[in-house]
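Written below as structure tokens is the structure these notes are about.
Nothing here was measured: the structure is a model prediction, and the numbers come from that model. Atoms within each ligand, like the ligands themselves, are counted from 1 in listed order. Because only heavy atoms are used, hydrogens play no part in the values below, and waters and symmetry mates are left out as well, while side chains stay in.
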Amino acid sequence: MINYQIRPYHQILIVECGEPLVEIPLELFSWESPHPYARLGAAYGEYSPYFLRQSVVNCLIKAQSYLESLRPRWRIQIFDAYRPVAVQQFMVDYSFAMAVEERGLIEAELTPQQRQEIWQAVYEIWAVPSLDEKTPPPHSTGAAVDVTLVDDGGQVVNMGSPIDELSERSHPDYYANSKEPAAPEYHAHRQLLCDVMLKASFQRNPKEWWHFCYGDQMWAWLSNQPTAIYGRVP
Ligand SMILES: C[C@@H](N)C(=O)N[C@H](C)C(=O)O
Ligand SMILES: [Zn+2]
């Protein structure tokens, strides 16, 4: 295994609590249809991407209600939630192919160094599609959710970078010290999202402004819990 694929949260023991995956009550939230990864051809099988563990859905409902108390009629937009390992693999491969194309390269002609640099960029933000039960990708546990905000006029709020961008702009505090004129606005939006999610017991991925979790290994690691309560959904 290459170094950049090892995550510190993978050392956390999983004591699976057996809670079911349930459908997110989408009427309370904003969401995209068709789902962004399904549109690319990702196959979800038995569940849709809009499923999460029961307690995670409860937290998400709390976050929505905190948001409304601060910003009436604003909505949390659910970009992605449950993701089978096969979809994780599909998106990692897609992301690699896009990164090759953006660099003006051809996959069959990549040097080992180019290949390694691109995989490193991909795995900066994507979890490895591991089938090992001790190291599940966060979304395959039904404990992770990628979200943004929609304002009272129904517009997606500008966070300064799109979800899933392979760049430093994805770092939650990227705009905290930026000189860009709109930086304070972007940072405030990211903070608002983070505040309502953390108040509802989620933790935020230190590398992505949009990824939040409750009950998985990343959450346990970030909140100093001895164990995670959700492993890969069977
Ligand atoms: C890339 C993003 N959509 C995401 O979900 N990243 C985390 C780390 C993951 O792949 O689980
Ligand atoms: Zn995520």
- With backbone taken as N, CA, C and O and side chain as the heavy atoms from C-beta onward, which portion of Met91 lies under 4.0 Å from ligand 1: side chain, backbone, both, or neither? neither
- Item | Any donor-acceptor N/O pair, Glu19 side chain to Ser55 backbone, under 3.5 Å | yes
- Which atom of Asp146 is nearest the Zn ion (ligand 2), counting N, O or S only? It is OD1
- Query: Would a line drawn from the ring center of Tyr82 to the ring center of His139 be shorter than 6.0 Å?
  - Reply: no
- For Trp210, the ligand 1 atoms whose distance to one of its heavy atoms is below 4.0 Å: 2 (C), 3 (N)
- Task: State yes or no: are the ring centers of Phe79 and Tyr37 separated by less than 6.0 Å?
- Result: yes
- Check each atom of ligand 1 against the heavy atoms of Gln88 and keep those under 4.0 Å away; list them by number with element. 9 (C), 10 (O)
- Note on the structure: The atoms of ligand 1 lying under 4.0 Å from a heavy atom of Asn205, numbered in the order shown, are 8 (C)
- Under 4.0 Å from one or more heavy atoms of Pro138, ligand 1 contributes atoms 11 (O)
- Item | Contact check, Arg83 vs ligand 1, heavy-atom distance below 4.0 Å | yes
- Query: Between Glu124 and Lys207, is there a salt bridge with N-O shorter than 4.0 Å?
  - Reply: yes
- Tell me, which protein residue and heavy-atom name are nearest atom 8 (C) of ligand 1, and how many Å apart are they? Ile125 O, 3.1 Å
- Report yes or no: does Glu180 contribute a side-chain atom to a donor-acceptor pair with the main-chain N or O of Tyr175 at less than 3.5 Å? no
- Between Asp80 and ligand 1, which part of the residue brings a heavy atom under 4.0 Å of the ligand: side chain, backbone, both or neither? neither
- Please confirm whether the backbone N or O of Met159 pairs with a side-chain atom of Arg190, one donor and one acceptor, at under 3.5 Å? yes
- Note on the structure: Among N, O or S atoms, His211 approaches the Zn ion (ligand 2) most closely through ND1
- Query: When you look for heavy atoms under 4.0 Å from ligand 1, do you find them on the side chain of Phe79, its backbone, both, or neither?
  - Reply: neither
- Expected output: side-chain Arg204 to main-chain His211 donor-acceptor under 3.5 Å: no
- Note on the structure: A student checking ligand 1 against Tyr37 at a 4.0 Å heavy-atom cut-off should list atoms 3 (N)
- Item | Note: Glu16-Arg232 ion pair, threshold 4.0 Å (strictly below) | no
- N/O to N/O below 3.5 Å, does that happen between Pro137 and ligand 1? no
